[in-house]
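Below: one structure, written as structure tokens.
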Amino acid sequence: MRMEEALAELERVQTQLLQRISKLERSHLPSPSSQNDTVEDTATDTVARLSSILRSNGVPDFSFKRVPSDYYDWPLEARRDALSAASIHHLCKSIVLVNTQAPANVVDCSDRKNSKYYVVVVQYTARFNAEAVKNFLYSLNNGSIAKKKFNMRLAPEETSMELTGYGHNAVTCIGMKTDIPVRMDMLISIRFL
């Protein structure tokens with residue numbers, strides 16, 4: 001009987017600790033629950049929309065994973081494990097770039113070869129190479145646009161949100177609000193999509 005009493009006491013203490021931790025976490029949340037519900041609804045709507053897009057384009061096997069807010073502070077190995085990726089080299093991010101030297105008549109994404117904005121998908125383990133993107137765009141236009149007219153910089157967060165519909169650290173090249181040309185910057189090769 002003594003072992004059962006000890007286990008019951010341990011369970012009681014653990015339950016109290018979990019309740020205290022939950023209370024502490026709730027007290028440090030930045031927004032009220034109604035705003036959290038809105039965020040949750042938006043996330044659910046996004047998953048439903050992206051699922052529909054993927055299925056309608058013949059992609060039957062995919063999954064979405066929600067990660068903690070400190071995910072980007074984790075080492076790559078921990079991120080790999082959280083996402084069940086095959087290796088750290090499979091981890092990528094999508095970034096929105098703006099061509100700061102585009103001529104005045106280039107204001108949108110209507111010309112995929114000479115767009116004001118591009119989304120580039122970059123491996124976490126690779127360094128983004130703006131010069132390689134510039135060279136690629138120069139070649140894509142058969143040299144008809146001077147290299148100095150391509151100066152790719154990270155777009156302001158507000159611009160990225162407006163163009164993609166996705167917030168900070170949540171940009172994906174699937175289902176963006178704007179049809180932005182996408183480039184893959186994988187190690188050395190860059191491919192036109």
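All values below were derived from every heavy atom in this structure, side-chain atoms included, with hydrogens, water molecules and symmetry-related copies excluded. What you see is a predicted model, and the numbers here were worked out from it, not measured in a lab.
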Side-chain (Asn169) to main-chain (Tyr72) donor-acceptor, under 3.5 angstrom: no

Min side-chain heavy-atom separation Val133-Tyr118 under 4.5 Å: no

Distance, nearest 0.5 Å, that separates CG of Leu163 from SG of Cys109: 6.0 Å

Interatomic distance, Phe62 atom CZ to Ser51 atom OG [nearest 0.5 angstrom]: 4.0 Å

Within-4.5 Å side-chain heavy-atom neighbours: Ile53 and Ile174: yes

Leu137 CG to Asn114 CG distance, which is reported to the nearest 0.5 Å: 8.0 Å

For Ala85 against His90, the heavy-atom pair lying closest together: CB-CB, 4.3 Å

Between OG1 on residue Thr100 and NZ on residue Lys149, distance to nearest 0.5 Å: 10.5 Å

Geometric cation-pi criterion, Arg79 with Tyr71: 6.0 Å, 45°: yes

Ser56 (side chain) donor-acceptor with Ser52 (main chain) under 3.5 angstrom: yes

Polar side chain donor-acceptor pair, Asn135 to Lys147, under 3.5 angstrom: yes

Euclidean distance, Glu162 CD relative to Tyr117 OH, rounded to 0.5 Å: 7.5 Å

Test item: Thr172 and Tyr166 side chains (from C-beta on) under 4.5 Å apart, heavy atoms: yes

Side-chain touch Val96/Leu154, heavy atoms, less than 4.5 angstrom: no

Check: Thr164 and Thr178 side chains under 4.5 Å, non-hydrogen atoms: no

N/O donor-acceptor pair under 3.5 Å between Asn99 side chain and Asn151 backbone: yes

Flag side-chain contact, heavy atom, 4.5 Å: Lys113 against Leu140: yes

Donor-acceptor contact present, side-chain Gln123 to main-chain Cys92, <3.5 Å: no

Asp179 CG to Asp108 CG distance, which is reported to the nearest 0.5 Å: 10.5 Å

Side-chain heavy-atom pair Leu97, Arg153 within 4.5 angstrom cut-off: no

Any donor-acceptor pair under 3.5 Å from Asn129 side chain to Glu131 backbone: yes

Main-chain N/O of Gly175 paired to Arg49 side chain as donor or acceptor, under 3.5 Å: yes

Cation-pi check, Lys134 onto Phe150 ring (under 6.0 Å, within 45° of axis): no

Short side-chain to backbone donor-acceptor contact, Asn142 and Ser144, under 3.5 Å: no

Contact check, side chains of Val182 and Met176, non-hydrogen atoms, under 4.5 Å: yes

